[in-house]
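Everything below concerns the one structure shown next.
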Amino acid sequence: MKRLRTFRGGIYPPHNKSCTEMKNIVDLYPRRDLLYFPMQQHIGVPCEPLVKVGDRVLVGQKIGDSEAFLSAPIHASISGKVEKIASVLTPMGSKSLAVAVRNDGLYEQIQGIAPRSVEGLSPEEIRKTIREAGIVGKGGACFPTAAKLTPPPSCEIDSILINCSECEPYLTCDQRLMVEHAKGVAEGLRIVLRLFPGARGIITVEDNKPEAIEALQNQIVPEDNLELCLLKTKYPQGAEKMLIYAVTGREVPFGKIPAEVGCIVLNTRTCYQIYDIFATGRPVMSRIVTVAGKAVREPGNFRVRMGTSFQDLIDAVGGFREKPAMVLAGGPMMGISLMTLDVPVIKGTSGIVCLAEEEATIEDEQTCIRCGRCVEVCPMGLMPYRLYLLATRRNYRGFEEASGMTCMECGCCSYSCPGKLHLVQTVREGKRSVRELWKKEGKR
């Protein structure tokens with residue numbers, strides 16, 4: 001049997017995917033009348049509203065944009081009247097200016113939404129189409145895709161990696177997309193390869209997804225410059241640097257981008273969205289979201305329109321079977337704990353995980369016993385226990401010198417610590433403090 005690719009370190013948390021991995025994607029229309037469209041749904045420059053209060057907007061209409069290179073426009077997913085433009089809380093825990101649209105229930109769309117051929121288009125025209133569609137990374141980082149597909153001229157790209165790992169426990173939205181729409185994922189990769197004629201396309205997937213593996217394999221033909229690479233099921237296999245190392249053996253230095261080692265990494269949904277803009281003409285207006293956890297009645301996978309309230313998704317699964325101890329936007333390893341369900345689905349929303357008391361117990365910190373487990377599992381090769389001590393002692397210079405800023409906050413150290421130290425939380429605070437020092441010193 002061919003050896004499965006993987007990286008150094010990592011952990012093996014329970015998958016907890018069985019409750020949704022066999023459930024088909026279900027289309028869900030918004031139940032609330034007022035939908036909010038935050039102007040900050042990506043890394044980079046926020047969009048500015050292109051509409052004003054009282055305007056009527058249509059499905060697919062661009063309602064926010066920026067002239068900045070590192071940005072991506074926002075489109076309306078419903079038709080209706082702009083009721084207000086105000087600051088709202090997002091699932092990321094931050095606030096953003098948002099356009100609030102009152103849904104008229106007609107779903108009347110703008111003219112011109114139709115399939116378009118990629119044949120004959122120049123690389124610049126393909127990138128422009130992707131940019132105008134508002135496509136961003138759907139793996140969590142939300143990096144504008146057109147910008148990612150425009151690497152510096154000095155970078156020679158030889159590998160386009162499609163990240164189908166979905167290594168976070170509970171989440172199965174990408175898995176179901178692969179099973180139900182494998183053709184779209186493969187076609188999206190073929191479009192991207194038009195931008196980099198000398199590159200190979202590599203679809204990477206963990207070996208615990210046999211149905212998805214079969215569906216994707218069926219889309220690869222001998223004359224394609226595509227291949228399927230099986231990965232060992234391990235967390236955080238889907239992290240960009242870990243994925244590149246597992247597949248190519250290359251390491252991305254701190255402060256550098258994957259393009260500088262010849263790679264570009266795209267998420268499953270991002271790749272499918274590139275296919276979809278050409279196949280249907282639709283810009284980014286929806287997102288597949290997994291709703292899971294023991295606190296909900298009927299977990300599932302839903303295709304929802306941007307701006308849909310989290311509360312609508314909870315209602316769609318029958319509500320809570322018990323009061324959740326914690327509700328997360330995203331998975332349990334790197335997700336954001338929510339204070340309210342009154343937040344909108346945005347481009348980076350992959351799941352809502354509602355943990356019961358038994359799943360979300362946070363134990364009191366004990367004492368570090370110098371066992372070294374955190375060092376063994378750290379995929380970045382750091383010494384988390386040392387970073388913890390430096391941060392708690394407010395020795396931020398030492399923290400920086402110990403490479404604390406390279407921590408990806410994956411949570412492997414906290415998960416493995418027998419002393420239950422809040423390692424990743426403390427390191428996160430240490431990083432924040434270092435950034436504040438940089439600002440004071442004018443370094444960044």
Side-chain angles (χ1 to χ4, degrees), residues 24-30 35-39 41-42 47 50-51 56-65 71-80 99 101 103-119 121 125-139 142 144-149 162 173-174 176-178 180-192 194-195 266-289 301-308 312 344-350:
N24 290 343
I25 300 165
V26 176
D27 287 313
L28 178 68
Y29 280 84
L35 274 67
Y36 290 88
F37 299 89
M39 295 291 100
Q41 298 191 29
H42 51 266
C47 293
L50 300 179
V51 293
R56 184 167 188 266
V57 301
L58 304 177
V59 174
Q61 180 178 334
K62 191 193 296 185
I63 59 175
D65 202 356
S71 190
I74 309 295
H75 299 80
S77 63
I78 57 171
S79 58
V99 173
V101 180
N103 189 2
D104 61 15
L106 300 176
Y107 297 99
E108 184 180 352
Q109 70 179 27
I110 59 171
Q111 294 182 348
I113 293 183
R116 61 190 76 178
S117 176
V118 72
E119 298 296 334
L121 294 183
E125 290 171 322
I126 293 174
R127 290 186 178 97
K128 183 178 179 180
T129 301
I130 291 171
R131 200 269 181 197
E132 286 300 300
I135 300 174
V136 301
K138 300 298 177 68
C142 296
T145 301
K148 180 176 280 192
L149 295 177
I162 306 305
C173 51
D174 283 354
R176 291 311 309 173
L177 180 64
M178 288 182 270
E180 299 178 39
H181 300 284
K183 178 182 177 181
V185 176
E187 289 297 330
L189 177 52
R190 291 186 180 99
I191 293 172
V192 173
R194 289 172 176 266
L195 304 176
L266 300 175
N267 171 262
T268 314
R269 175 71 178 172
T270 304
C271 200
Y272 177 82
Q273 204 84 61
I274 292 172
Y275 155 79
D276 196 53
I277 183 59
F278 289 98
T280 69
R282 292 189 298 253
V284 177
M285 298 185 292
S286 65
R287 171 77 216 213
I288 300 171
V289 181
N301 298 295
F302 301 90
R303 183 182 292 104
V304 297
R305 293 175 182 251
M306 294 297 176
T308 300
D312 282 2
V345 169
I346 60 175
K347 295 178 182 181
T349 303
S350 56

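- Salt bridge annotation for Lys128-Glu125: absent, with no cationic side-chain nitrogen under 4.0 angstrom from a carboxylate oxygen.
- For the pair Leu189 and Cys271, the tightest heavy-atom approach, listed with the atom from each and the gap, is N-SG, 3.2 Å.
- A distance of 8.5 Å separates CG of Asn301 from CG of Asn24, quoted to the nearest 0.5 Å.
- Of the options Arg127, Lys62, His75, a side-chain hydrogen bond (donor to acceptor under 3.5 Å, both in side chains) to Glu132 is made by Lys62 and by none of the others.
- With contacts defined as side-chain heavy-atom distances shorter than 4.5 Å, the pair Gln109/Met285 does not qualify.
- Annotation: side chain of Val118 is in contact with side chain of Arg194 (closest heavy-atom distance under 4.5 Å).
- Expressed to the nearest 0.5 Å, how far OG of Ser350 lies from CG of Asp174 amounts to 8.0 Å.
- Val185 and Tyr272 get closest at one heavy-atom pair: N-CD1, 4.0 Å.
- Nearest approach of Gly348 to Cys142, heavy atoms of both residues: CA-SG, 3.4 Å.
- The environment of Tyr29 atom OH is sparse: at most 12 non-hydrogen atoms of other residues, nucleotides or ligands sit within 6.0 angstrom.
- At least one side-chain heavy atom of Leu266 sits less than 4.5 Å from a side-chain heavy atom of Ile274.
- A heavy-atom distance below 4.5 Å is found between the side chains of Asp65 and Arg131.
- Shortest non-hydrogen contact noted between Ser71 and Cys47 is OG-SG, 4.0 Å.
- The shortest non-hydrogen separation linking Ile113 to Thr280 is CG2-O, 3.7 Å.
- Without hydrogens or angle criteria, Thr308 side chain to Pro30 main chain gives no donor-acceptor distance under 3.5 Å.
- The CG atom of Leu121 lies 6.0 Å from the OG1 atom of Thr129; values are rounded to the nearest 0.5 Å.
- Considering only heavy atoms from C-beta on, Lys347 comes within 4.5 Å of Ile74 through its side chain.
- In this structure, the separation between OH on Tyr275 and NE2 on His181 is 9.0 Å, given to the nearest 0.5 Å.
- Listed here is the closest heavy atom pair of Gly64 and Met39: CA-SD, 3.7 Å.
- Atom OG in Ser77 sits 8.0 Å away from atom CG in Asn103 (nearest 0.5 Å).
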Evaluate the criterion side-chain contact (heavy atoms from CB on, under 4.5 Å) for residue pair Val101 and Val51; output intermediate values, then yes/no.
CA-CA 10 Å; Val101 180; Val51 293; over 6 Å; no

Worked check of side-chain contact (heavy atoms from CB on, under 4.5 Å) between Arg56 and Ser79
CA-CA 7 Å; Arg56 184 167 188 266; Ser79 58; 4.0 Å; yes

Quick one: do Arg287 and Cys173 satisfy side-chain contact (heavy atoms from CB on, under 4.5 Å)? Show the steps, please.
CA-CA 9 Å; Arg287 171 77 216 213; Cys173 51; 4.1 Å; yes

Test Gln273 against Arg269 for side-chain contact (heavy atoms from CB on, under 4.5 Å), laying out the working first.
CA-CA 6 Å; Gln273 204 84 61; Arg269 175 71 178 172; 3.4 Å; yes

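- To the nearest 0.5 angstrom, Ile25 atom CD1 is 5.5 Å from Leu177 atom CG.
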